There are 2 protein chains.
Amino acid sequence: MTTKRRAPRQSDVARAAGVSQSAVSRVISGDTDTARIPEETRRRILDAISELGYVPNAAARNLRNKSNRLLGVHTFESVFPHARSDFYFEFLLGIEERAEEVGYDLVLFTSTGTRDGRRRIYRDGTNRLNLADGSVLLGVATNREELARLAAEDYPFVHIGRREVPGADIPCIVPDYADAAGAIVDTLARRGHRDIAYVREPFDQESYLDRRAGYEEAVRRLGLTDRSPGARGEPNLTEEWLDDLVAGPETAVVAESVRLAEELRTGLAARGATIPGDLSVAVLEGVWPGTSAVWDCLQVPRKQIGRLAIDALVAMVEDPAQRARSVLVPCEVVPGETVADPRTD
Amino acid sequence: MTTKRRAPRQSDVARAAGVSQSAVSRVISGDTDTARIPEETRRRILDAISELGYVPNAAARNLRNKSNRLLGVHTFESVFPHARSDFYFEFLLGIEERAEEVGYDLVLFTSTGTRDGRRRIYRDGTNRLNLADGSVLLGVATNREELARLAAEDYPFVHIGRREVPGADIPCIVPDYADAAGAIVDTLARRGHRDIAYVREPFDQESYLDRRAGYEEAVRRLGLTDRSPGARGEPNLTEEWLDDLVAGPETAVVAESVRLAEELRTGLAARGATIPGDLSVAVLEGVWPGTSAVWDCLQVPRKQIGRLAIDALVAMVEDPAQRARSVLVPCEVVPGETVADPRTD
DNA sequence: TTGAAAGCGGTACCAC
DNA sequence: GTGGTACCGCTTTCAA
């Protein structure tokens with residue numbers, strides 16, 4: 001085997017072509033404005049380039065240009081192990097697709113893993129992401145400190161999903177849960193449901209806050225009645241509340257998640273009530289294959305969100321002057337088999 | 001919003017700490033050998049660093065170090081669109097996992113797409129891969145010219161799957177199809193099959209060549225008889241051949257792919273023959289969920305191959321002196337429901 | 001038109 | 001121990 005030879009540099013090309021290094025640089029970057037290189041010289045240089053198999057050094061270019069057409073993807077948990085049917089996969093689909101379209105490569109930041117499976121952006125004080133011109137961040141276990149620090153550093157990034165951090169405004173691509181929740185209440189009202197209930201998750205992440213805001217607004221706007229503890233911020237889905245529910249005036253329930261809806265169904269079944277016969281149920285979450293029922297629910301356009309994240313990021317990267325803005329992405333409401341007209345008893 | 005400020009550099013830190021820039025550099029790279037910085041100075045520097053929020057510049061580092069702990073992944077077709085259940089996914093799983101373990105980040109080269117969905121390594125003469133210290137290549141539509149050029153350039157890379165290119169030896173991580181094919185013939189022979197047939201794909205890619213080599217070797221070694229055109233390199237699975245097969249002495253068939261096996265089954269059924277009642281069938285390919293039968297087949301350890309690819313690559317990258325070697329990865333033979341003892345008629 | 005030269009931000013060697 | 005300094009490969013200004 002030939003011994004490892006040094007990769008050719010511009011100076012080598014220059015020597016071979018009998019010109020100066022800067023001439024080579026100009027030809028390569030196609031700098032036609034400043035200095036028009038005569039066709040003759042140009043040819044010689046180009047020939048030398050292919051002769052020597054010259055390839056520009058990416059690192060050196062970045063150093064000069066402060067850009068390498070590289071976009072980072074940082075997930076706060078490892079991507080692939082869970083990707084098959086979950087959360088990340090569709091986002092990545094859109095991210096990859098759009099990145100290819102706009103001509104950027106993607107860096108998957110994986111080396112920052114800690115033993116507990118969580119991933120960090122900063123490792124011994126250094127921000128790995130800096131390698132890319134900008135990054136898309138996603139993950140449920142978002143580290144808000146790191147987010148704040150990143151924002152303070154003015155590093156260009158977008159987060160998929162809304163994340164509020166005091167003192168920093170994070171550009172996010174977020175599903176419009178509020179709007180979708182409102183739309184779901186609309187469909188219930190349109191069918192004639194007047195008394196409805198709300199079942200909440202014990203989390204107060206932004207996405208749930210959004211759902212609640214949309215729900216409450218719609219209930220108020222439509223003049224519906226909701227006497228459920230869930231709507232007032234108390235945990236519900238207790239045995240007592242279920243008893244109360246089946247005995248009460250409610251004809252429909254809105255659940256924040258499939259998990260809750262499934263639990264609700266079990267509880268109702270135990271009390272001889274069926275869905276949607278006795279009670280309609282709608283879910284404020286995308287439904288995955290494999291759940292026990294075809295829930296009426298909303299659909300998060302994950303792939304589209306991935307694409308939009310790239311668009312937003314590229315905008316920031318290409319024009320650092322503009323501050324990032326968040327993007328609200330509408331969710332579709334998909335009909336299922338768990339909402340019907342109210343029972344008439 | 002604060003106006004975009006220049007990121008702090010080592011010289012800024014140095015000034016703030018009242019030391020020289022090289023001292024800063026030493027503290028940061030933890031250069032304890034050459035020059036031990038007194039705890040006092042060290043503190044001052046560290047303080048200045050966190051004060052200013054200094055972050056090392058990746059590009060500059062690469063330029064010096066000629067390494068950025070970045071491994072590339074280039075697929076000759078787009079990854080995600082097909083990834084869900086296919087080919088790429090498991091490889092990526094292993095690649096990501098192992099890269100994380102050894103502390104490298106991954107660059108997904110996506111920017112080189114052409115309108116026809118194919119991806120190229122070289123775009124207007126420049127090799128994007130150069131950005132990473134080394135790359136893993138995969139894809140069915142491997143571009144051999146590019147492979148050759150890459151090898152000629154001495155760029156560190158490994159290919160998943162065997163690829164031969166005249167004049168270059170490509171380091172590959174390859175499933176040991178030959179061995180697995182032999183093992184499958186062994187199991188048939190062990191059951192008492194003496195007359196067997198082979199059904200081939202109309203492709204002559206390396207992976208098929210390997211299967212054929214392993215098959216032929218085993219048939220010879222075990223003294224079995226194979227009079228099928230498939231074994232001699234002619235296309236088979238024609239109507240005539242099927243007629244011949246059901247009338248002939250063969251009690252088992254080895255098919256190169258699930259596709260062929262399925263077709264075979266259809267053809268046999270049309271002739272009133274069943275699998276494995278009349279004829280045993282084994283497949284020289286991993287079987288995906290969703291096929292019509294539980295074929296006896298081999299299993300390509302995709303995830304493991306991904307991990308091994310990273311190991312091989314890292315070895316090349318960290319010691320450029322050593323020439324890359326290919327790695328043969330054993331495949332398991334998994335029993336199904338399509339191989340039985342030979343019919344005794 | 002073309003070349004010389006000054007950096008981009010770090011690293012590492014070499015005197016002091 | 002510490003600071004000065006050459007250089008990594010490329011881009012861009014400035015003279016010639």
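Order of the sequence lines sets the chain letters (A, B, ...), proteins ahead of strands, with each chain counted from 1. In this text, all values refer to a predicted model and were calculated from it rather than measured experimentally. Scope of the values below: all heavy atoms of this structure, side chains included, with no hydrogens, waters or symmetry mates.
- Residue contacts for B:R64: at a heavy-atom cut-off of 4.0 Å it reaches a base atom on one of the strands shown.
- Going from atom CG of A:L52 over to atom P of D:dG9 covers 14 Å, rounded to whole Å.
- Remark: B:E101 engages B:R98 in a salt bridge, criterion side-chain N to carboxylate O under 4.0 Å.
- B:E39 is linked by a side-chain hydrogen bond (donor to acceptor under 3.5 Å, both in side chains) to nothing, counting only residues two or more places apart in sequence or in another chain.
- In the region residues 16-23 of chain A, proximity to DNA chain D at under 4.0 angstrom, judged on heavy atoms, holds for A:Q21, A:S22.
- In this structure, the ring of B:H159 has its center no less than 6.0 angstrom from the ring center of B:F157.
- In this model, the phosphate group of C:dG10 is not approached by any side-chain N or O of B:R61 to a distance below 4.0 Å at OP1 or OP2.
- At D:dC10, none of the side-chain N or O atoms of A:S25 fall inside 4.0 Å of OP1 or OP2 (strictly under the cut-off).
- Comparing D:dG9, C:dG9, C:dT2 by their nearest atom to the side chain of A:A60 picks out D:dG9.
- Nearest nucleotide to the side chain of B:Q10, out of D:dG3, D:dT11, C:dT11: C:dT11.
- In this structure, B:S11 reaches neither bases nor backbone, as no heavy-atom distance under 4.0 Å exists between it and the strands shown.
- For A:R144, the salt bridge (Lys or Arg N to Asp or Glu O under 4.0 Å) partners at least two apart in sequence or on another chain are A:E206.
- With sequence neighbours left out, the side-chain hydrogen bond (donor to acceptor under 3.5 Å, both in side chains) criterion links B:Q304 to no other residue.
- For D:dG9, one of the phosphate oxygens OP1 or OP2 lies less than 4.0 angstrom from a side-chain nitrogen or oxygen of B:K66.
- The residues A:R44 and A:D47 are annotated as not salt-bridged, no charged nitrogen and carboxylate oxygen being separated by less than 4.0 angstrom.
- One atom, CG of A:N68, and another, P of D:dG9, lie 18 Å apart when rounded to the nearest Å.
- Between the CG atom of A:N62 and the P atom of D:dT11 there is a distance of 11 Å, rounded to whole Å.
- Within 3.5 Å, a donor on the side chain of B:R26 pairs with an acceptor on the base of D:dG3, or the reverse.
- Contact annotation: B:T41 side-chain N/O to D:dG1 OP1/OP2 distance is not under 4.0 Å.
- Shown here are the side-chain hydrogen bond (donor to acceptor under 3.5 Å, both in side chains) partners of B:S22, two or more places apart in sequence or in another chain: B:S20.
- Protein atom CD1 of B:I45 is 13 Å distant from nucleotide atom P of C:dT11, rounded to whole Å.
- Contacts of B:N65 with the nucleic acid, taken as non-hydrogen atoms under 4.0 Å apart, involve only primed sugar atoms and P, OP1 or OP2.
- Atom CD1 in B:I28 sits roughly 14 Å away from atom P in C:dG9 (whole-Å rounding).
- One can place CZ of B:R15 at 13 Å from P of D:dG4, the figure rounded to the nearest angstrom.
- Applying the side-chain hydrogen bond (donor to acceptor under 3.5 Å, both in side chains) test to A:D133 and every residue at least two apart in sequence or in another chain returns A:S67, A:N68.
- Nucleotide C:dG10 holds its C1' atom 8 Å from the CG atom of B:L63, rounded to whole Å.
- Residue B:R42 contributes atom CZ, which lies 16 Å from atom C1' of D:dT2 at whole-angstrom precision.
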